[in-house]
Amino acid sequence: MPARTLVIKVTAGKDDPERSGQALNVAATALASGVAVSLWLTGEAAWFALPGRAAEVVLDHSPPFGDLLAGVLAGGTVTLCTQCAARRGITEADLIDGVRIAGAGGVVGGV
């Protein structure tokens with residue numbers, strides 16, 4: 001297990017591609033550097049937990065969001081906030097494979 005862990009909480013989504021892209025880039029870079037990563041999708045970032053939604057967001061000079069998220073899913077943990085999912089009507093059946101729904105306790109304990 002890596003000596004360091006990083007929890008990244010993403011609150012922005014398609015509404016603010018620059019902020020959400022920064023979080024995805026940091027998560028992917030940390031994983032590539034050997035850091036354990038737990039990505040927590042909250043607020044408008046909750047939509048990234050659904051198939052194809054991250055790929056819809058385009059940001060100049062950034063790797064594709066779908067690719068960044070896929071990389072995090074391949075090597076880290078991706079959690080969708082329980083309350084954020086409920087507010088948006090998102091259920092476990094809607095999620096990309098590998099994403100789970102949990103609250104803050106699940107994120108901290110999931111690192």
Side-chain angles (χ1 to χ4, degrees):
M1 179 168 181
R4 297 177 297 162
T5 59
L6 179 63
V7 175
I8 300 172
K9 179 181 178 184
V10 190
T11 60
K14 192 174 186 176
D15 61 319
D16 193 341
E18 192 160 11
R19 283 193 309 143
S20 54
Q22 291 169 349
L24 293 172
N25 266 301
V26 169
T29 301
L31 275 169
S33 300
V35 177
V37 171
S38 178
L39 186 67
W40 191 18
L41 304 175
T42 68
E44 286 302 297
W47 297 113
F48 289 157
L50 302 180
R53 292 293 184 98
E56 293 175 359
V57 184
V58 177
L59 179 63
D60 291 343
H61 310 290
S62 174
F65 282 26
D67 293 350
L68 292 170
L69 182 57
V72 175
L73 280 164
T77 301
V78 179
T79 305
L80 171 58
C81 165
T82 303
Q83 294 176 9
C84 300
R87 283 190 281 273
R88 289 161 180 81
I90 300 172
T91 67
E92 293 278 350
D94 300 319
L95 303 179
I96 298 169
D97 287 341
V99 176
R100 66 192 178 119
I101 296 177
V107 172
V108 175
V111 176

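The shortest non-hydrogen separation linking Thr79 to Arg100 is OG1-NE, 3.0 Å. Between Leu68 and Pro63, the shortest heavy-atom distance links the atoms CD1-O, 3.8 Å. Between Val72 and Ala28, the closest heavy-atom pair is CG2-N, 4.0 Å. Smallest separation of non-hydrogen atoms from Ser20 and Ala12: CB-O, 3.2 Å.
With Val10 as the fixed residue, the side chain to side chain contact (heavy atoms under 4.5 Å, CB included) test singles out one of Leu39, Thr42, Val26, Leu69: Leu39.
Residues Leu41 and Lys9 have side chains not in contact (no heavy-atom distance under 4.5 Å, counting atoms from C-beta outward).
Between Trp47 atom CH2 and Arg53 atom CZ the span is 5.5 Å, to the nearest 0.5 Å. Note: Ser38 OG to Ile8 CD1 = 9.0 Å, rounded to the nearest 0.5 Å. Of the inter-residue distances, the one linking Leu24 atom CG with Leu59 atom CG reads 10.0 Å to the nearest 0.5 angstrom.
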Give the table of side-chain donor-acceptor pairs shorter than 3.5 Å for residues 80-99, with sequence neighbours excluded, one pair per line with atom names and distance.
from, atom 1, to, atom 2, distance (Å)
Thr82, OG1, Ala102, O, 3.3
Thr82, OG1, Gly103, N, 3.1
Arg88, NE, Gly43, O, 3.4
Arg88, NH1, Cys84, O, 3.2
Arg88, NH2, Gly43, O, 3.3
Arg88, NH2, Glu44, OE2, 3.1
Thr91, OG1, Ala93, N, 3.4
Thr91, OG1, Asp94, OD2, 3.1
Glu92, OE2, Ile101, N, 3.4
Asp94, OD2, Thr91, N, 2.7

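Looking only at distances, a side-chain donor or acceptor of Asp15 sits under 3.5 Å from a matching main-chain atom of Gly13.
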**Message:** Set out, in order, the CA-CA distance, both residues' side-chain angles and the distance that settles side chain to side chain contact (heavy atoms under 4.5 Å, CB included) for Thr77 and Val37, then state yes or no.
**Reply:** CA-CA 6 Å; Thr77 301; Val37 171; over 6 Å; no

**Item:** Derivation of the side chain to side chain contact (heavy atoms under 4.5 Å, CB included) call for Val78 and Trp40
**Value:** CA-CA 6 Å; Val78 179; Trp40 191 18; over 6 Å; no

